[in-house]
There are 2 protein chains.
Amino acid sequence: MDTAEGVADPRGAGVRRRRGGRVPTASMADVARLAGVSSQTVSRVSNGYAGVTEETRQQVLAAMKELGYRPNSAARALKRGEFRTIGVITFSLATTGNVRTLEAIATSAAGEGYAVTLLPVAVPTQDEVRGAFSRLEELAVDAVIVIMEVHLLDAATLTLPPHVQVVVVDSDAGDHYTVVDTDQAGGTRAAVRHLLDLGHRTVWHLGGPEDSFAAQRRTDAWRRTLAEAGRTVPPLVRGDWSARSGYLAGLELAAREECTAVFAANDQMALGLMRALHEHGRRVPEDVSVIGFDDIPEAGSFLPPLTTVHQDFAEVGRLCVEAVLRKMRQDGPERGTTLVPTRLVTRASTAPPPR
Amino acid sequence: MDTAEGVADPRGAGVRRRRGGRVPTASMADVARLAGVSSQTVSRVSNGYAGVTEETRQQVLAAMKELGYRPNSAARALKRGEFRTIGVITFSLATTGNVRTLEAIATSAAGEGYAVTLLPVAVPTQDEVRGAFSRLEELAVDAVIVIMEVHLLDAATLTLPPHVQVVVVDSDAGDHYTVVDTDQAGGTRAAVRHLLDLGHRTVWHLGGPEDSFAAQRRTDAWRRTLAEAGRTVPPLVRGDWSARSGYLAGLELAAREECTAVFAANDQMALGLMRALHEHGRRVPEDVSVIGFDDIPEAGSFLPPLTTVHQDFAEVGRLCVEAVLRKMRQDGPERGTTLVPTRLVTRASTAPPPR
DNA sequence: CCACGGCATGTTTGCGTAAACATCGCGCAG
DNA sequence: CTGCGCGATGTTTACGCAAACATGCCGTGG
């Protein structure tokens with residue numbers, strides 16, 4: 001029982017195959033002919049318009065079914081001038097945050113009747129991004145969301161082609177574009193204050209890579225919070241988000257007796273950090289408190305379970321879609337940044353400092 | 001300097017705006033007019049055809065640039081009969097495997113000049129899948145890849161509409177569809193044998209959820225491998241892929257003195273399992289060996305670093321794209337399963353059993 | 001009894017592109 | 001000097017759909 005066979009070809013003996021031997025699909029005209037109506041009536045049925053007799057409607061539906069008719073989205077898009085598709089540019093799906101955000105975007109978009117087209121950019125240079133944009137423009141896309149967690153390598157700010165509705169996640173381009181982001185500063189402040197409130201004299205920081213906006217903000221907020229509290233700011237240690245880099249950085253920190261509390265810029269690095277501390281006989285949380293950022297699903301199963309800052313990725317995704325659709329419909333050059341609040345999740349990895 | 005002006009507008013003084021105040025975009029005709037050539041010549045330049053004088057070409061390019069011309073993908077798709085887009089149906093982006101596969105698909109597809117449209121399906125009932133398919137068909141998509149890690153809830157096998165080129169990841173529908181999958185059995189065998197070779201009398205198994213194909217295969221292969229080696233098959237313990245479920249299952253296993261080796265169906269569950277063992281004073285690997293599956297990036301940073309079965313998701317994604325494009329182009333109803341080999345990564349969580 | 005309104009349906013047209021076919025002009029062979 | 005061939009460019013047309021407009025039919029009120 002294969003796909004196309006046995007259907008009386010109303011166009012006569014024409015085989016009607018495109019290059020490559022594609023299976024021909026039924027058009028509205030085919031359906032119209034079979035149902036004995038005009039193609040416009042088929043269109044009306046297809047789009048659920050009123051003003052079609054129930055009897056006619058049934059005939060058309062029957063014909064559609066018989067021919068396996070599917071509206072041709074290219075033609076429809078051409079006529080309507082929109083694709084109901086949102087493009088998403090992302091530099092990597094390796095980080096939890098990006099993936100969760102993407103998933104939320106896809107779900108929200110689906111709820112609005114939009115699909116999501118993915119466009120991965122290998123290297124985040126401005127040229128690459130621009131290239132991605134031209135590809136997207138030639139693609140079937142009405143608007144674009146850029147999930148950007150890394151600085152553009154060759155330019156301080158993001159410059160993009162006009163005529164495209166853009167919403168950016170996790171950037172500092174709020175004065176040029178619409179930006180939706182987690183409240184990095186608020187989350188960081190909560191984390192650092194939590195440790196200070198437990199009695200630690202200061203808080204060390206295992207920061208993310210230099211080229212990441214999110215990392216930069218967390219580091220800035222860490223410094224600011226300590227400064228506001230009048231504490232000394234220990235030297236910054238950097239990782240690259242990976243657990244491995246957290247481990248390496250942890251080797252350094254484990255050697256420092258005076259380090260009793262560490263704020264890691266994400267949970268993976270916190271994981272590696274804790275391993276290094278463990279290997280060097282420094283217990284968590286008795287000797288050293290560790291706090292993370294993100295609240296990945298596994299964080300509660302680390303050894304010990306990790307206190308961390310929970311990010312609401314679903315909300316970020318939802319807001320992105322909302323913002324981009326709003327921009328699309330109103331064509332308003334709306335700018336500014338929307339912040340999504342975080343929540344501190346207290347688990348076993350933080351405790352008062354040793355006496 | 002707007003796009004359509006000074007042009008004899010057959011519809012009268014129409015401003016040529018679509019509903020919603022969309023910015024009108026330049027068409028080939030606009031470019032042609034400005035460049036003083038025919039639209040066909042613009043088309044030729046746009047598609048890089050030979051047979052256009054360099055001089056003409058430059059004029060056209062200049063005109064394109066001035067008008068900010070972008071080919072209209074809807075029209076192009078309508079004419080060409082293809083979108084150069086692959087749809088991906090996925091039930092969840094929560095698991096590492098799905099995400100990594102998706103990323104690889106997107107990258108491979110981009111390499112072939114194809115984009116990827118994402119279609120998340122909330123609940124994996126057959127109706128939902130079929131619904132996703134109809135949406136996809138109405139969408140701008142030439143072929144579909146289904147990343148399916150969960151059984152359909154209301155049917156044993158996957159039934160899908162005709163006329164669509166489909167490749168399925170991680171399924172048992174190889175006799176009906178083209179399937180690409182990790183060699184679950186091979187990986188499992190390697191894991192179990194590794195533990196047996198270390199001297200363990202048998203291997204316990206922390207399986208994945210019942211409704212997952214992958215989990216089922218790993219469980220089957222575990223049983224088979226033990227049987228082949230003439231070992232007793234301990235009772236199966238199940239989790240749901242999450243670290244938390246691994247922890248809960250671990251509480252059970254930790255109580256069993258005779259359990260010296262556990263094969264967890266994924267790394268997250270292994271993580272939770274190790275936490276439970278730790279809490280009950282059973283050391284890994286001295287008292288109990290633990291092996292995982294997937295080799296997530298963090299696996300090397302667990303306490304202790306996890307021995308696990310490495311999956312080559314990139315290869316899976318690549319093969320999917322390759323297969324689906326091949327099917328598309330040849331229209332061959334090619335079936336069967338392609339297996340991607342795994343690799344055992346030995347780290348610190350496995351050792352000979354205690355004497 | 002006819003006109004008019006309203007509803008179901010049909011016809012025309014154009015969206016932007018590119019294949020197929022038509023034309024034009026130039027250079028070179030005869 | 002003429003004609004032929006070929007390369008460069010123009011013209012026509014169709015892709016499938018749906019808005020805009022046209023038609024035809026019915027019933028009702030004057």
Side-chain angles (χ1 to χ4, degrees), chain A residues 10-11 14 16-20 22 24-33 35-60 64 67 69-84 137-140, chain B residues 3-4 7-12 14 16-20 22 24-33 35-60 64 67 69-84 137-140:
Chain A
R11 286 175 304 286
R16 194 181 171 214
R17 291 200 149 237
R18 308 176 203 283
R19 74 209 135 282
R22 292 276 291 284
T25 66
S27 74
M28 274 191 9
D30 299 325
V31 175
R33 219 169 287 120
V37 299
S38 75
S39 65
Q40 185 55 221
T41 298
V42 177
S43 172
R44 285 190 263 256
V45 171
S46 176
N47 292 295
Y49 277 24
V52 177
T53 314
E54 185 55 26
E55 191 191 335
T56 314
R57 216 176 74 82
Q58 290 306 333
Q59 275 173 31
V60 171
M64 281 180 173
L67 296 177
Y69 169 76
R70 291 282 154 194
N72 176 313
S73 43
R76 192 171 262 187
L78 177 59
K79 196 81 181 74
R80 300 217 263 228
E82 64 163 13
F83 293 96
R84 301 197 71 80
E137 278 184 274
E138 295 185 15
L139 276 168
Chain B
T3 47
V7 177
D9 184 342
R11 287 175 303 287
R16 192 182 172 214
R17 292 200 147 240
R18 308 175 202 281
R19 76 208 132 282
R22 291 277 290 286
T25 66
S27 75
M28 274 191 7
D30 300 324
V31 174
R33 219 170 287 119
V37 299
S38 76
S39 65
Q40 184 54 218
T41 298
V42 177
S43 172
R44 285 190 263 255
V45 171
S46 176
N47 291 297
Y49 275 24
V52 178
T53 314
E54 184 56 25
E55 190 190 335
T56 314
R57 216 176 73 85
Q58 288 306 332
Q59 275 173 32
V60 171
M64 281 179 172
L67 296 177
Y69 169 77
R70 291 281 151 195
N72 177 312
S73 43
R76 190 170 263 190
L78 177 58
K79 197 73 181 81
R80 301 218 263 228
E82 64 165 11
F83 291 96
R84 302 198 70 81
E137 279 183 273
E138 295 186 15
L139 275 168

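In the text below, chain A, chain B and the rest are named by the order of the sequence lines, each starting its count at 1.
Put simply, CZ on A:Arg80 is 21 Å from P on C:dG14, counting in whole angstrom units. Straight-line distance from the CG atom of B:Asn47 to the C1' atom of C:dG16: 12 Å, rounded to whole Å. Atom CG of A:Leu78 and atom P of C:dG14 are 14 Å apart (whole Å). If you measure from atom CZ of A:Arg33 to atom C1' of D:dG16, you get 12 Å, rounded to the nearest angstrom. Regarding A:Phe83, its CZ atom lies at a distance of 15 Å from the P atom of D:dC17, rounded to whole Å. The distance from atom CD of B:Glu54 to atom P of D:dG7 is 18 Å, rounded to the nearest whole Å. Between the CZ atom of B:Arg57 and the C1' atom of D:dG7 there is a distance of 17 Å, given to the nearest Å. What separates CE of B:Met28 from C1' of D:dT11 is a distance of 13 Å, to the nearest Å.
Out of C:dT17, D:dC17, D:dA8, the shortest distance to the side chain of B:Pro71 is found at C:dT17. Proximity note for A:Lys79 (side chain, C-beta onward) versus C:dT17, D:dA19, C:dT9: the nearest is D:dA19.
An OP1 or OP2 oxygen of C:dC15 is reached within less than 4.0 angstrom by no side-chain nitrogen or oxygen of B:Asn72. Between D:dG16 and A:Arg76, no contact under 4.0 Å exists linking OP1 or OP2 to a side-chain N or O. Residue B:Tyr49 places none of its side-chain N or O atoms closer than 4.0 Å to OP1 or OP2 of C:dT17. Regarding contacts with the backbone of C:dC15, every side-chain N or O of B:Ser27 stays at 4.0 angstrom or more from both OP1 and OP2.
Considering only heavy atoms from C-beta on, A:Met28 stays 4.5 Å or farther from A:Val31 through its side chain.
Closest approach of B:Ala74 to A:Leu78, counting heavy atoms only: CB-N, 3.5 Å. Residue B:Phe83 comes nearest to A:Ser73 through the heavy atom pair CZ-OG, 3.3 Å, listed as atom of the first residue, atom of the second, then distance. Across B:Ala35 and B:Val60, no two heavy atoms sit closer than the pair CB-CA, 4.0 Å.
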Review point. Where do A:Ser46 and A:Met64 land on the side chain to side chain contact (heavy atoms under 4.5 Å, CB included) test, with the steps shown first?
Key: CA-CA 9 Å; A:Ser46 176; A:Met64 281 180 173; 3.8 Å; yes

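Remark on the helix from C:dC1-D:dG30 to C:dG30-D:dC1: inter-end axis angle 70°, axes from five-pair C1' superpositions, rounded to 10°.
Interatomic distance, A:Ser39 OG to A:Arg44 CZ, rounded to the nearest 0.5 Å: 9.0 Å.
A salt bridge (charged side-chain N to carboxylate O under 4.0 Å, His left out) with A:Glu82 is found for exactly one of A:Arg84, A:Arg80, A:Lys79, namely A:Arg84.
Each of B:Ala75 and B:Val52 was assigned the nucleotide of DNA chain D with the nearest heavy atom; the assignment lying further toward the 5' end belongs to B:Val52.
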Expected list for residues 47-55 of chain A: side-chain donor-acceptor pairs under 3.5 angstrom, two or more places apart:
residue : atom : partner : partner atom : Å
A:Asn47 : OD1  : A:Arg76 : NH2          : 3.4
A:Asn47 : ND2  : A:Ser43 : O            : 3.0
A:Glu54 : OE1  : A:Arg57 : NE           : 3.3
A:Glu54 : OE2  : A:Gln58 : NE2          : 2.6

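DNA chain C lies under 4.0 Å from at least one heavy atom of each of the following residues of residues 37-46 of chain B: B:Gln40, B:Ser43.
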